[in-house]
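What follows is a set of notes on a single structure, which appears directly below.
For clarity, every value in this text was computed on a predicted model and none was experimentally measured. These numbers come from the heavy atoms of this one structure, side chains and all, not from hydrogens, waters or symmetry mates.
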Amino acid sequence: MNDSNRWLWLAGVLLCAWLVYLLTPILTPFLIGILLAYLGDPLVDRLERWGLSRTWGVIVVFALFSLLMLLMLLVLLPMLGKQLVKLYQLAPLALDWLQHQALPWVQAQFGLEDNFWRLDQLKAAFAAHLGSTTDVLGVVLSRATASGLALLAWIGNLLLIPVVSFYLMRDWDLIMLKLRSLLPRRGEGMVVRLMSECHEVIGAFLRGQLLVMLALAIIYASGLMLVGLELGLLIGVLAGLASIVPYMGFVVGIGAAVVAVLFQFGLAPYPLLGVAAVFTVGQMLEGMLLTPLLVGDRIGLHPVAVIFAVLAGGQLFGFTGVLLALPVAAVIMVLLRHVHDLYKLSDIYAEPAGAPAEPPSQP
């Protein structure tokens, strides 16, 4: 490839990146549709092997996804909504507990000044805001309907997701074949090999890690509710979502659960032991069963890299960037792995000819 072709390729890549940046506000339904199609394609392929047509396989998978979403809307969301309202109502009481019990104890232990903690203003703000917003749903609806065009755009994007995902799922294999036919013939094998590795990493994360997060959310929420924690479902779901980063769900969940137990039960030992048992069992199941079974060791993304990818994607492209962050990070990781292998084989890394061999290390 000569210099002019290289510059053309670079200009094409920069133009595509610029277009993606400009189209960011409308990309969310398409990205979610691609995600659903990617997750559903293996199920549709399996149904095809069982004798169903591609279209009927997509319809069955869509019906399954719709049933799961309906169950979540009818069962999970009302329960979470009640717990969010409960948390909202308990916020002034929690601040009062912090101000008169928890923080004075910390102050006495560390010898802090009498006026070191100042929560009166924050507590008053919570109390005033709570008294002026008794109908949370009404406030949300009033803000959502403040702009008719914004509401119509939001509904349109929501309705666009199943349409996009249906057609992409139905034509997924055909799209992949057409994209492969566009690859340069000389580099097809290498590109296909790289894409296969990227597919393995992304698939392991999207299918495996999401299932791990779901399982941990169920384990944590069920255990905390058995302990008797009023906010057990909410804390369990948050801990499951935070498990996208290894060990983050454990840290976030047990921290929030301990604070909730101290606020609800005081220093009673049995609820604290129950919380410790719930998160210990969850961590053991994650490390010994869930992650090896559902994810394996194919992802290879360091927890710090996961945090940085999510924050960087959100900073650059908002919610669209959050959706793209981990798949893009997985692809970059695969490419860097191959760049590392090429570097180890290059003359830059190799020892110069005639260099003396290093003496063997002493035992």
| query | With a cut-off of 6.0 Å (strictly less than), are more than 12 heavy atoms of other residues, nucleotides or ligands near CE of Met69? | reply | no

| Would you find more than 12 non-hydrogen atoms of other residues, nucleotides or ligands less than 6.0 Å from Met248 atom CE? | no

Spacing of [X] atom [atom1] and [Y] atom [atom2] [to the nearest 0.5 Å]:
X	Y	atom1	atom2	result
Leu194	Leu335	CG	CG	6.0 Å
Leu68	Ser66	CG	OG	9.0 Å
Thr55	Phe166	OG1	CZ	6.0 Å
His338	Met333	NE2	CE	9.5 Å
Leu36	Phe62	CG	CZ	7.0 Å
Leu231	Leu238	CG	CG	10.0 Å

Can you give me the closest heavy-atom contact between [X] and [Y], atom names plus distance?
X	Y	answer
Gly282	Ile219	CA-CG2, 4.2 Å
Leu224	Ala257	CD2-CB, 4.2 Å
Phe65	Gly40	CZ-CA, 4.2 Å
Ala239	Gly253	CB-CA, 3.8 Å
Val237	Ala217	CA-CB, 4.2 Å
Met169	Ala37	N-CB, 3.7 Å

| Any Tyr220 side-chain heavy atom under 4.5 Å of Ile235 side chain | no

| query | Is the shortest heavy-atom distance from the side chain of Asp341 to the side chain of Leu345 under 4.5 Å? | reply | no

Same cluster or not: [X] versus [Y], using hydrophobic residues (I, L, V, M, F, W, Y) connected whenever any side-chain heavy atoms lie under 4.5 Å apart?
X	Y	value
Ile34	Val331	yes
Leu216	Leu289	yes
Leu64	Ile161	no
Ile254	Val281	yes
Leu273	Val278	no

| request: Any chance you could lay out the side chain to side chain contact (heavy atoms under 4.5 Å, CB included) test for Leu210 and Met213, step after step, and finish with the verdict? | output: CA-CA 5 Å; Leu210 290 179; Met213 291 164 57; 4.0 Å; yes

| field | Selection residues 160-178 - residue pairs positive for side-chain hydrogen bond (donor to acceptor under 3.5 Å, both in side chains), sequence neighbours left out | value | Arg54-Asp173

| note | The complete set of side-chain hydrogen bond (donor to acceptor under 3.5 Å, both in side chains) pairs with one or both residues in residues 278-290, sequence neighbours excluded, reads none

Using a side-chain heavy atom cutoff under 4.5 Å and only I, L, V, M, F, W and Y, what cluster partners does [X] have?
X	result
Leu226	none
Leu182	none
Leu214	Ile218

| message | Strictly distance-based, threshold 3.5 Å: is any side-chain N or O of Gln264 a donor or acceptor partner for the main-chain N or O of Leu229? | response | no

| message | Go through it in stages, so that I can follow the logic: the residues are Leu52 and Glu48, the test is side chain to side chain contact (heavy atoms under 4.5 Å, CB included), and I'd like the CA-CA distance, side-chain angles, deciding distance and then a yes or no. | response | CA-CA 5 Å; Leu52 285 179; Glu48 277 192 294; 5.9 Å; no

| side chain to side chain contact (heavy atoms under 4.5 Å, CB included) evaluation trace for Cys198 with Met195 | CA-CA 5 Å; Cys198 294; Met195 291 300 102; 4.1 Å; yes

| query | Would Leu35 and Leu31 count as a side chain to side chain contact (heavy atoms under 4.5 Å, CB included) if you check the C-alpha gap in whole Å, the side-chain angles of each, and the deciding distance to 0.1 Å? | reply | CA-CA 6 Å; Leu35 174 63; Leu31 292 175; over 6 Å; no

| note | By side chain to side chain donor-acceptor pair (under 3.5 Å), His199 pairs with (sequence neighbours left out) Tyr38

